[in-house]
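Here is the structure we will look at, set down as structure tokens.
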Amino acid sequence: SGKAENGPLSDAWAFLDLHTLADPNGNGVYDAATEERFATNADDLGTLTVNESGTFSITRGSTADYTLVVQTTDSTVDTISGESYGAGVFLKAPAGATMVSPSSTLVNAVMIANPTFTASQASEDVALVLGFTQAQIDAGLDLTTYSAYEDTTGDVDATALAVAMQKSNTEVMAVVKSFASTAKIAGASEAAAFSTAMDAITDVVATKVVNVNNASYAGAASGTVLD
């Protein structure tokens, strides 16, 4: 089971993008012949104590090599704002993740760029690049599992972290969508446009990750991915 967030996203498609010899990191698109996809949920008003918005369930079976992908459609809704999210966005997360978001997409991309990285290492480095603190990471912040829309009532630190994550994901996607829009105008498909846009952002993040590992990067909580 998992959840899609940039605001919890309902009515998107979630699937396991299988890794093959031809596509060792997956091809990024749904293949009906070999893969299953499942719609992300809207909130079930009959369960008053649980908000199911953005959740999904996929049976992994014996499949170990995959990327978790959420593809938005014309029907996808940001359930916080109630507004249409827009089609053609492909959010990703590495195998084992339970959260699919702009931040987890960067984690997945950094792992592809650095094949020796574990999901934990990539998550920590991307979190630092995005402006989160080592103390927050040491306290359990993991970009492949963390939800920015859980109830944090009464916990000042948890609320501040959730707001910071919401802001970070929104800023990343604003830049990505701007790049992707330009690529689509130039004739690229939805998948290709988003891939091109995310590649551009990942190049920036990957450079900063190198700096993190060289101990020469000092992140600031107010920073953004392109600062």
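A continuous path of hydrophobic side-chain contacts links Val205 to Met173 [ILVMFWY only; heavy atoms under 4.5 Å]. Cluster membership check: Phe38 shares its hydrophobic cluster with Leu9, using side-chain heavy-atom separations under 4.5 Å among Ile, Leu, Val, Met, Phe, Trp and Tyr.
In this structure, Ser181 contributes its side chain and Ser178 its backbone to no donor-acceptor pair below 3.5 Å. In this structure, the side chain of Thr79 engages the main chain of Pro8 through a donor-acceptor pair within 3.5 Å. Asp17 contributes no side-chain N or O that, together with a main-chain N or O of Thr67, makes up a donor-acceptor pair within less than 3.5 Å. In this structure, the side chain of Gln166 engages the main chain of Ala148 through a donor-acceptor pair within 3.5 Å. A donor-acceptor pair under 3.5 Å is absent between the side-chain atoms of Thr105 and the main chain of Leu91, judged by distance alone. Using a distance-only test at 3.5 Å, with no hydrogens or angles considered, no donor-acceptor pair links the side chain of Ser168 to the main chain of Ala164. Checked by atom type and distance alone, the side chain of Asn169 pairs as donor or acceptor with a backbone atom of Ser103 at under 3.5 Å. Thr76 places a side-chain N or O within 3.5 Å of a backbone atom of Asp11 that can act as its donor or acceptor partner. For the pair Thr202 (side chain) and Met198 (backbone), a donor-acceptor distance under 3.5 Å is present. At least one donor-acceptor pair under 3.5 Å links the side chain of Thr133 to the backbone N or O of Gln136.
Scanning all heavy atoms of the two residues, the minimum distance from Glu52 to Asp43 falls at OE1-OD1, 2.7 Å. Closest non-hydrogen pair, Phe179 versus Ala197, comes out as CB-CB, 3.4 Å. The shortest heavy-atom contact between Ala12 and Thr72 is CB-CA, 4.1 Å. Heavy-atom minimum distance, Met111 versus Pro94: SD-CB, 3.6 Å. When all heavy atoms of Phe15 and Tyr30 are compared, the pair lying nearest together is CZ-N, 3.5 Å.
Remark: Asp74 CG is loosely packed, at most 12 non-hydrogen atoms of other residues, nucleotides or ligands lying under 6.0 Å away. With a 6.0 Å radius and a threshold of 12 heavy atoms from other residues, nucleotides or ligands, Glu36 has its CD atom at or below the threshold.
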Next on the checklist: Quick one, Gln121 with Asn114, criterion side chain to side chain contact (heavy atoms under 4.5 Å, CB included). Give me CA distance, side-chain angles, the key distance, then yes/no.
Outcome noted: CA-CA 10 Å; Gln121 181 180 1; Asn114 300 273; over 6 Å; no

Checklist entry - Could you walk me through whether Val69 and Phe90 pass the side chain to side chain contact (heavy atoms under 4.5 Å, CB included) check? => result CA-CA 7 Å; Val69 179; Phe90 291 78; 4.2 Å; yes

Checklist entry - Should Leu68 and Leu16 be marked as a side chain to side chain contact (heavy atoms under 4.5 Å, CB included) after you check the CA-CA gap, both sets of side-chain angles, and the distance that decides it? => result CA-CA 5 Å; Leu68 182 55; Leu16 303 183; 3.7 Å; yes

Checklist entry - side chain to side chain contact (heavy atoms under 4.5 Å, CB included) between Met165 and Leu143: does it pass, once the steps are laid out? => result CA-CA 9 Å; Met165 182 63 72; Leu143 301 182; 3.3 Å; yes

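Put simply, the side chain of Thr40 does not reach to within 4.5 Å of the side chain of Lys3, judged on heavy atoms. Side chains of Met99 and Thr144 form no contact here, defined as non-hydrogen atoms less than 4.5 Å apart. Annotation: side chain of Phe132 is in contact with side chain of Leu161 (closest heavy-atom distance under 4.5 Å). Residues Phe56 and Val100 form a side-chain contact, since some pair of their non-hydrogen atoms from C-beta on lies under 4.5 Å apart. The shortest distance between side-chain heavy atoms of Thr207 and Asp203 does not fall below 4.5 Å.
Going from atom CD1 of Ile112 over to atom CG of Asn108 covers 4.5 Å, rounded to the nearest 0.5 Å. Separation of atoms OG (Ser123) and CD1 (Ile137) is listed at 7.0 Å; rounding is to 0.5 Å. Atoms CD and CH2, on Gln71 and Trp13 in that order, are 9.5 Å from each other to the nearest 0.5 Å. Expressed to the nearest 0.5 Å, how far CD1 of Ile201 lies from CG of Leu106 amounts to 8.0 Å. To the nearest 0.5 Å, the span separating CD1 on Ile80 from CD on Glu5 amounts to 8.5 Å. Taking CG of Asp65 as the start and CG of Leu18 as the end, the distance is 9.0 Å to the nearest 0.5 Å.
A cation-pi arrangement is present between Lys177 and Tyr85, with the terminal nitrogen or guanidinium carbon under 6.0 Å from the aromatic centre and inside a 45° cone about the axis.
At a cut-off of 3.5 Å, with distance as the only test, a side-chain donor of Thr55 or Asn41 sits close to an acceptor on the other residue.
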